[in-house]
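This report concerns only the one structure given below.
Keep in mind the model is a prediction, meaning the values are calculated, not measured. Both ligands and their constituent atoms are indexed starting at 1 by order of listing.
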Amino acid sequence: MNEINFDLIDTTGEPPVSEPERQYYYIAKCRELVKLKSKELGRPLYSQTRTFGCQMNARDSEKLIGILEQIGYIETETATPDFVLYNTCTVRENANLKVYGHLGYLKKQKEKNKNMMIALCGCMMQEETVVEKIKSSYRFVDLVFGTHNIYKLAELIYDRLTYNKPVIEILKDTDAIVEELPIERKYPFKSGVNIMFGCNNFCSYCIVPYVRGRERSRKPEDIIKEIEKLVADGVVEIMLLGQNVNSYGKNLDEEITFAELLRRVEQIEGLKRIRFMTSHPKDLSDELIEVMKHSKKICKQLHLPLQSGSSRILKIMNRQYDKDRYVSLAKKIRQEIPDIALSTDIIVGFPGETEEDFLETLDVVNQIEYDSAYTFIYSKRTGTPAAKMENQVPEDVIKDRFDRLLARIHEISNAQTLKHVGKTYDVLVEEVNEHNKELVTGRMSNGSLVHFKGGKELIGNIVNVTLNEAKGFYYLGTMEE
Ligand code: 5AD
Ligand code: SF4
């Protein structure tokens with residue numbers, strides 16, 4: 001992967017047709033151009049990548065930065081960048097608004113630095129209306145691509161530099177999964193690992209299936225090979241990523257369940273912790289619960305999006321489970337794996353949501369007592385079935401429900417965190433505390449953060465920490481010798 005020497009790649013002939021060789025060729029080509037430019041300016045060229053949205057996007061950005069670094073850009077947060085890349089999200093409208101806000105700022109930056117190249121990619125770019133708006137109102141943007149061709153970054157940059165006009169390439173969907181491209185990890189000791197791309201569920205409020213395409217699983221052997229390489233490179237914790245990991249493997253020639261994949265990943269020597277996200281309740285199998293229960297490596301944490309507690313709303317959302325099925329599943333999980341932390345996503349104000357529907361949601365929250373919950377105000381996404389529904393809920397009603405829900409969730413999660421105080425847990429040390437350099441910050445198996453006295457030499461190690469005090473979103477603790 002990262003050990004390819006791009007200076008040795010022959011760039012004199014035509015580009016190869018097959019991947020990833022074609023991209024290696026373009027990385028080498030761009031590398032020559034960046035070297036020339038850097039010589040002309042008498043300084044290195046810098047890139048700056050900003051990531052919006054979920055863990056999938058974070059992982060995509062590591063791939064994009066991996067390619068940029070091989071091209072010769074130095075990724076920076078402080079220097080004035082020559083190449084700016086925004087990896088965008090569009091799951092809710094405010095994600096889009098943020099990007100437009102930033103573009104206004106970038107326009108001014110580009111006026112000061114004529115060499116600056118601005119690139120936009122990711123989910124938001126898969127929306128036709130967005131691309132039209134960029135073409136008409138943000139003409140200073142140099143490069144626009146979507147979610148299906150991020151592996152082509154080098155080729156697209158090469159086209160931009162050679163033809164000297166904006167490059168826009170959006171693919172509607174793809175079957176391609178290109179392996180073996182460079183990746184620059186944010187953390188040396190933990191990493192995301194894609195196991196599948198896309199989503200086939202078409203929940204009626206959600207834009208993801210339109211912008212991420214159909215479900216495609218990676219082959220188990222490619223996933224295992226990637227994790228083995230990561231472990232050899234110092235990674236102890238991985239997060240298996242997919243929009244709906246419970247349907248992993250269903251579209252492969254040799255079918256395999258997610259639970260079976262987990263069993264195989266567990267066998268990898270040197271790997272200490274396994275996380276995954278996201279689980280769709282409709283596909284969560286007993287086999288998975290069994291595997292989690294007996295595993296020594298799978299973390300005691302499960303994210304199980306509820307979205308709504310009302311069976312009526314769940315049906316219109318096309319979630320394919322009802323309140324009772326969700327509640328009994330969550331209770332079964334709590335019973336089988338007592339120390340598990342359950343988290344969830346909830347949408348407030350879906351079209352037609354009545355006070356009774358909302359009370360059903362509150363009832364599930366009260367019954368399941370989530371360790372943490374992410375709450376979202378329903379956001380209308382053009383192109384989804386819910387956007388056309390006429391009975392949109394008034395803003396003030398939504399706000400009132402949202403506040404009531406949040407207050408209850410806080411009460412419950414505070415009570416949940418208190419249960420752990422006084423006990424000792426395994427903690428993976430992640431970083432020196434930002435505010436107090438005498439402390440380090442680590443993560444427990446259940447996902448909670450804990451701060452305790454220690455130095456940077458502990459980063460990447462798993463240590464025992466006793467929790468002294470719960471502080472809402474984190475604990476203060478003491479490391480055991
Ligand atoms: N409005 C509000 N929240 C949404 N989500 C997805 N689509 C929307 C929308 N249109 C939330 C869901 C999902 C999480 C990632 O984002 O709760 O689980
Ligand atoms: Fe969106 Fe539903 Fe797919 Fe999740 S499962 S990405 S909410 S369509």
Inset, instruction - Just let me know how Tyr205 lines up against ligand 1, side chain, backbone, both or neither, with a heavy-atom cut-off below 4.0 Å. - result: both
Inset, instruction - Under 4.0 Å, heavy atoms only, figure out whether ligand 1 is touched by the backbone of Thr278, its side chain, both or neither. - result: neither
Legend entry - Protein contact of atom 17 (O) of ligand 1 - nearest heavy atom, named by residue and atom, plus distance: Gln307 OE1, 2.6 Å
Legend entry - Residue that, paired with Phe258, satisfies side-chain contact (heavy atoms from CB on, under 4.5 Å) out of Asn244, Asn246, Asp283, Val291: Asn246
Legend entry - Which residue and heavy atom of the protein sit nearest atom 16 (O) of ligand 1, plus the separation: Arg92 NH1, 2.8 Å
Legend entry - Check: Glu369/Gln416 side-chain N/O donor and acceptor closer than 3.5 Å: no
Inset, instruction - Could you check Arg408 against Asn366 for side-chain hydrogen bond (donor to acceptor under 3.5 Å, both in side chains), going step by step and ending with a plain yes or no? - result: CA-CA 8 Å; Arg408 186 66 193 121; Asn366 284 327; 2.5 Å; yes
Inset, instruction - Note the single closest protein heavy atom to atom 2 (Fe) of ligand 2, along with its residue, its atom name and the distance in Å. - result: Cys203 SG, 2.3 Å
Legend entry - Closest protein heavy atom to atom 5 (S) of ligand 2, given as residue, atom name and distance to 0.1 Å: Asn201 ND2, 3.4 Å
Legend entry - Ser311 and Asp322 side chains, donor-acceptor separation under 3.5 Å: no
Inset, instruction - May I ask you to identify the nearest protein heavy atom to atom 1 (Fe) of ligand 2, giving residue, atom name and distance to one decimal place in Å? - result: Cys206 SG, 2.3 Å
Inset, instruction - Run through Cys199, Cys54, Cys89 and flag the one making a side-chain contact (heavy atoms from CB on, under 4.5 Å) with Val208. - result: Cys199
Inset, instruction - Answer with side chain, backbone, both or neither: which part of Lys380 has a heavy atom less than 4.0 angstrom from an atom of ligand 1? - result: neither
Legend entry - Nearest-neighbour protein heavy atom for atom 7 (S) of ligand 2, which is reported as residue plus atom name and distance: Tyr205 OH, 3.3 Å
Legend entry - Protein contact to atom 3 (Fe) of ligand 2 [nearest heavy atom, distance to 0.1 Å]: Cys199 SG, 2.3 Å
Legend entry - Residue pair Thr76 / Gln48, side-chain donor-acceptor N/O under 3.5 Å: no
Legend entry - For Val211 against His148, the heavy-atom pair lying closest together: O-NE2, 4.1 Å
Legend entry - For ligand 2, the portion of Arg212 having any non-hydrogen atom under 4.0 Å away: neither
Legend entry - Ligand-residue contact atoms, ligand 1 with Tyr378, heavy atoms, under 4.0 Å: 1 (N), 2 (C)
Inset, instruction - With heavy atoms of Arg381 as the reference, note each atom of ligand 1 found under 4.0 Å away. - result: 10 (N)
Inset, instruction - Decide whether an N or O pair under 3.5 Å exists between Ser379 and ligand 1. - result: yes
Legend entry - Minimum non-hydrogen distance to atom 13 (C) of ligand 1, winning option of Val91, Asn94, Asp345: Asp345
Legend entry - Greater than 12 external heavy atoms within 6.0 Å of Glu254's CD: no
